[in-house]
Amino acid sequence: MTFEFTAEQVLELAPDSAAAKAGRDLSTAAKWKNLGKSGDSNSIWGHCQGSGSSPYQTRADLSGPAFKCSCPSRKFPCKHSLALILLYISQGSLFSESEIPSWVAEWLATRAITGTRQKRKDDVDKTSEQLEELLQSKDKRKRDRLSKVQAGIEELELFVIDLMRQGIGSVKKQPFTFWKNRAARLVDAQAPGLARLISECGEICARTHDWENALIDKLSTINLICRTFLKIDQLSPELKADVLTAIGINQSQDELLSGAGESVQDLWLVVGQYNYTQDRLRVQKSWLWGKKGQSALVLSFAHGNAPFDVMLIAGIFYHAELVFYQGSLRQRALIKTKNSEPAVAPFLEGSSVDRALTSYAEALAKTPWLDTMPMLLQEVIPHKSSDGKWWLIDDNKSALPLIAREEIGWQLTSYSGGQPLSLFGEWDGTTLKPLSALKDGSYLKLQTVEV
Amino acid sequence: MRQAKNPFHELIETAILGTDRKPLNVILSGGDLGNTIADIGRQELPSERLLIDQLTAISIAKKAGLIPGSFTCAPPVCPAEIKAKVSECSLSLLIQVLTLEAKGSELKHFKIISEWLELCNTAQQRLPEEFVPRLLDWGRTLTEMHQLIGICCGQHFDWLLSLNEEWRAAYISKQNIDKENLIETFETGEQKERLMAFSAIRNTWPDEGLSLLALSFEKESFENKVAFLKILSKTLHSNDEGFLESTLKDRRKEVRAQAANALSALPNSKLQMRMIERADRFLTYKQNKIIVTLPEELDDEMLRDGIVENSPIYFDSRLGTKANWLCQILSLVPPSHFEQKFNLSAKALLEAALANSEWSLALSLALMAAAAKFGGAMQQALLQSEDLNITDSQAGLLLLKALPQATLENLILQKLPTWSQARTISKAAPRLDLWYYLEQVDFNWSEHFTGEIMKFIIKESREKVPVFGHTFYSNASNFALRMHIVAGELTDQINVDADTADIYRRNALERMTDTVKLRYEIFQSFNTVNHNEQKGPMP
């Protein structure tokens with residue numbers, strides 16, 4: 001059996017705090033019967049007595065992890081699933097190695113079949129005429145969308161020019177609807193990426209400090225994307241993919257998985273992770289770091305209390321095949337296959353502050369509208385300066401500013417004990433948002449505020 | 001001479017004001033960025049277009065060319081830890097308690113966390129360093145926990161305090177404060193600080209504490225006066241009598257009552273003598289009975305001595321106002337005085353009091369309050385009397401609260417068989433009495449007592465007799481916190497059956513068992529090698 005999660009990591013999977021609490025409460029031996037495990041299939045199971053007359057059948061595949069429970073809860077994973085794993089973590093000896101019951105075996109078989117079926121979904125035979133027709137309609141849709149985007153961008157350029165004429169000082173007192181309406185027009189023009197940037201302008205204007213420079217930076221990014229898009233036919237395929245992604249035209253996941261994207265098989269550590277809400281959609285941002293030195297961003301989405309479409313746990317190693325989206329930086333990726341791995345010796349090699357900044361400058365040269373870049377800094381010490389700001393200082397006494405709440409700053413300081421550690425975070429060009437720290441083979445996830 | 005403006009700032013200024021108000025007129029050259037911007041400026045485009053393009057170039061250059069900060073000195077290094085970290089399981093349980101957010105559960109948090117810290121200390125382990133700041137924040141105002149927190153945080157405690165001024169102020173200054181600082185705090189601090197400072201001064205330098213209070217007393221609010229007198233009462237000396245006597249002249253009855261209460265506890269105080277003198281006028285003994293003469297009026301002297309119009313302690317619809325005054329007077333006289341005066345044993349005195357059917361209630365209430373205050377043989381006599389229901393009155397509850405824990409536990413265990421007679425007692429009410437008694441037993445029930453009470457609860461839960469009642473419902477978590485840890489081994493035997501139990505009873509039993517289980521799990525986590533430790537550390 002390979003399972004190295006901590007209770008805290010498992011509770012990160014809970015859809016809300018109520019489910020996490022209920023899961024904890026249920027994770028006592030008294031609530032469970034017929035507990036068992038199978039090393040071959042990496043699965044555990046048990047019966048939990050709930051409010052119904054018959055006990056709920058709960059099972060989990062630890063390699064995912066994946067869960068299934070017979071309770072009627074709409075939350076996923078339900079409290080019983082969480083409790084089962086928590087109980088396994090705290091009192092593993094209660095789970096005896098035994099033959100897989102039929103209700104677990106059926107579920108495991110269904111999971112295997114579903115995986116195969118998904119792979120075969122696109123292999124449905126079609127006649128060459130049908131395929132031709134499909135391709136043509138797809139091309140037409142693409143052309144239509146691009147012309148809509150072009151119209152939207154031309155209008156946006158006029159808006160930016162107008163802002164320059166009137167001065168950005170004039171928009172400080174504008175209501176949020178000023179930006180919201182403009183963003184809505186971009187959504188209509190099928191450019192959601194630009195719409196998001198415009199909405200962020202509204203948020204910047206609501207700030208009390210340093211809003212001018214931040215707004216100029218944001219408008220510059222918008223300007224750059226717009227100007228690049230208008231020359232899209234002259235761009236390299238990578239830059240073309242970058243600009244389309246920035247505008248919000250996503251690459252087809254099916255196409256990427258079927259060979260359009262570059263695939264990398266490696267041992268990956270989920271080195272940083274946080275959740276946020278965007279347009280009523282929950283988003284989980286997971287940064288992976290491979291043994292070969294490559295980083296990857298996996299985005300996972302969910303509505304309401306639904307589970308994220310990809311389940312990754314921070315601090316866990318996965319043997320996985322990732323498929324990267326097309327682009328100059330090879331940043332965002334999809335997971336094609338994955339299996340969690342037991343603890344392995346840490347292999348992450350970070351860089352110094354100077355080297356990290358140089359890498360960022362190189363990345364900017366390739367994608368000048370780059371939003372954030374992952375940074376793994378090695379041998380750095382967190383420090384609070386006399387003016388109350390947090391910094392990371394490396395061997396050469398070079399320092400990067402951190403954007404961190406007080407409690408995170410002190411947690412990092414305490415974790416380091418004044419000794420160097422490795423720190424992973426997102427660099428936005430001015431500050432580093434710390435997401436995790438690594439020291440002496442241990443991993444510490446830092447809690448970030450939801451954006 | 002006017003200093004030339006930085007051309008980059010000029011561009012930003014133009015962006016803020018707009019080209020309508022500040023035409024684009026910046027000449028840049030030199031350096032890669034300057035040349036780039038100059039190149040952009042030479043294009044045949046509208047000035048707004050040039051402006052945004054130039055700003056874009058600056059924006060990217062700013063990001064790409066960021067020069068890192070530089071620090072000449074690094075922060076100090078924390079000394080190496082000696083103790084081992086607590087197990088993953090122990091830590092997870094602590095986090096579980098720290099993240100509980102239910103309102104009104106502060107006491108529960110405090111008790112469980114302090115228990116966790118005690119166990120951590122006994123096991124010679126420490127909190128993992130990454131959780132030390134969280135615990136320091138939690139315990140910032142809990143001065144009584146500071147020492148234990150310090151021990152459990154290992155070397156990181158002192159190290160972090162040296163870096164964080166707020167923690168230093170919270171954790172160190174109050175420990176090492178000297179007399180002058182305490183006096184200054186008493187004179188100039190906030191109300192809570194003043195009370196704490198007075199308590200500290202009074203404990204170490206009782207006479208100086210008294211002088212300080214005497215100096216400021218007149219100017220204090222009546223709430224403060226009562227609070228200071230309460231602190232003074234905890235460490236009474238014969239020297240305090242003069243001051244306390246003077247406070248009997250205060251305008252507020254609450255202050256007078258508190259001062260009288262303190263004075264009555266001073267052996268042979270003038271107030272006690274006055275009360276004895278009064279009581280002797282109202283009580284006589286004839287034909288195995290205590291004969292009562294009620295006070296006619298509440299005179300100025302009585303008012304001065306803290307007697308109030310109607311004390312809530314002796315409130316009973318069967319008692320009038322004058323009987324209430326009598327109760328107040330008698331409660332401030334040691335029962336031993338009447339035992340000597342009438343030459344009776346405590347038991348005989350109680351019987352004589354109860355023999356007066358007209359005033360037996362008033363006398364029993366007064367004797368209970370007096371026995372609570374002065375102790376002595378009357379306590380046992382009252383507890384053993386079958387004619388009294390101690391938990392029926394506030395005076396009775398005061399008596400129970402005043403008993404030493406072992407005495408109270410024994411008393412409850414003696415009564416337990418009576419309460420346990422399931423189904424033979426038609427009315428459940430006498431059985432409900434147990435919870436009123438248990439409310440009075442303070443924290444840290446003994447192991448034997450906990451075991452017996454748990455057996456009683458298990459039996460009751462199985463028999464499904466509805467004897468849990470409101471007092472149990474509202475105290476379920478409290479009882480669970482007071483129990484000995486051995487209770488954790490018995491919780492599984494409690495029947496919390498959803499189909500048969502009523503919802504209130506079920507909730508209360510669940511709250512109790514959950515709390516006991518949590519405490520037991522914490523205890524177990526420090527006493528067993530857990531699953532995670534067997535597997536080795538996390539990556």
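Quantities reported herein were computed from a predicted structural model and do not represent experimental measurements.
Ranked by non-hydrogen atom pairs under 4.5 Å with chain A, the options B:S70, B:A57, B:A15, B:C153 are led by B:A15. When A:S414, A:A363, A:S398 are compared by the number of non-hydrogen pairs under 4.5 Å with chain B, A:S414 comes out ahead. Comparing B:I95, B:D514, B:I52, B:V132 by how many heavy-atom pairs each has under 4.5 Å with chain A, the most go to B:I52. Among A:L400, A:L224, A:L215, A:V353, the residue making the largest number of heavy-atom pairs under 4.5 Å with chain B is A:L224. Taking A:Q166, A:K21, A:R24, A:E157 one by one and counting their heavy-atom pairs under 4.5 Å with chain B, the maximum is reached by A:R24. The greatest number of non-hydrogen atom pairs below 4.5 Å with chain A, out of B:L518, B:N164, B:I60, is found for B:N164. With chain A as the partner, the residue from B:L160, B:D492, B:D137, B:T491 showing the most heavy-atom pairs under 4.5 Å is B:L160. In terms of heavy-atom pairs under 4.5 Å with chain B, the best-connected choice from A:P401, A:G417, A:A365, A:G418 is A:G417.
Residues B:P76 and B:L163 have side chains in contact (heavy-atom distance under 4.5 Å, counting atoms from C-beta outward).
When the shell of 6.0 Å around CG of B:D32 is examined, it contains 12 or fewer heavy atoms from other residues, nucleotides or ligands. B:E165 CD: 12 or fewer foreign heavy atoms inside a 6.0 Å radius. Remark: A:K31 NZ is loosely packed, at most 12 non-hydrogen atoms of other residues, nucleotides or ligands lying under 6.0 Å away.
At a heavy-atom separation below 4.5 angstrom, chain B is approached by A:W391, A:I393, A:K397 within residues 386-397 of chain A.
Judged by distance alone, with hydrogens and angles left aside, the side-chain atoms of B:S92 form no donor-acceptor pair with the main-chain N or O of B:E88 at under 3.5 Å. Between the side chain of A:Y318 and the main chain of A:I313, a donor-acceptor pair closer than 3.5 Å is present.
If you measure heavy-atom distances from B:D20 to chain A, the contacts under 4.5 Å come from both the backbone and the side chain. With a threshold of 4.5 angstrom between heavy atoms, B:L17 approaches chain A through N, CA, C or O but not through any side-chain atom. A:P382 touches chain B through its backbone: at least one of N, CA, C or O sits under 4.5 Å from a heavy atom, while the side chain does not. With a 4.5 angstrom heavy-atom cutoff, A:L364 touches chain B only via side-chain atoms. Interface remark: B:L136 contributes no atoms to any contact with chain A (heavy atom separation under 4.5 Å). There is no contact between B:E81 and chain A, counting heavy-atom distances below 4.5 Å. For a residue to count as touching a neighbouring chain, one of its non-hydrogen atoms must lie under 4.5 Å from one of that chain's; by this rule A:T413 touches chain B with backbone and side chain alike. Only the side chain of A:W427 comes within contact range of chain B, with heavy atoms under 4.5 Å apart. In this structure, the portion of A:N223 lying under 4.5 Å from any heavy atom of chain B is its side chain and not its backbone. Residue A:Q411 touches chain B through both its backbone and its side chain, counting heavy-atom pairs closer than 4.5 Å.
A salt bridge links A:R355 to A:E362: one of the charged nitrogens lies within less than 4.0 Å of a carboxylate oxygen. A salt bridge links B:E510 with B:R506: the distance from a Lys NZ or Arg NE/NH1/NH2 to an Asp or Glu carboxylate oxygen falls below 4.0 Å.
Using the six-membered ring where Trp is involved, A:H383 and B:F71 have ring planes that are perpendicular, over 60° apart on the 30 and 60° scheme.
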Legend entry - Test log, rule side chain to side chain contact (heavy atoms under 4.5 Å, CB included), inputs A:K439 and B:E129: CA-CA 12 Å; A:K439 185 189 76 172; B:E129 53 272 22; 2.7 Å; yes
Legend entry - side chain to side chain contact (heavy atoms under 4.5 Å, CB included) between B:I82 and B:R126, intermediate numbers included: CA-CA 9 Å; B:I82 303 154; B:R126 70 174 170 92; over 6 Å; no
Inset, instruction - Test side chain to side chain contact (heavy atoms under 4.5 Å, CB included) on B:L127 and B:W116 and set out the steps. - result: CA-CA 11 Å; B:L127 191 68; B:W116 190 99; 3.6 Å; yes
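Residues B:W159 and B:Q155 bring no donor and acceptor atom of their side chains to less than 3.5 Å of each other.
For the pair A:K37 and A:Y88, the cation-pi test (distance below 6.0 Å, angle within 45°) is failed.
Each of B:K22, B:Q54, B:H9 was compared with B:T14 under the side chain to side chain contact (heavy atoms under 4.5 Å, CB included) criterion, and only B:K22 meets it.
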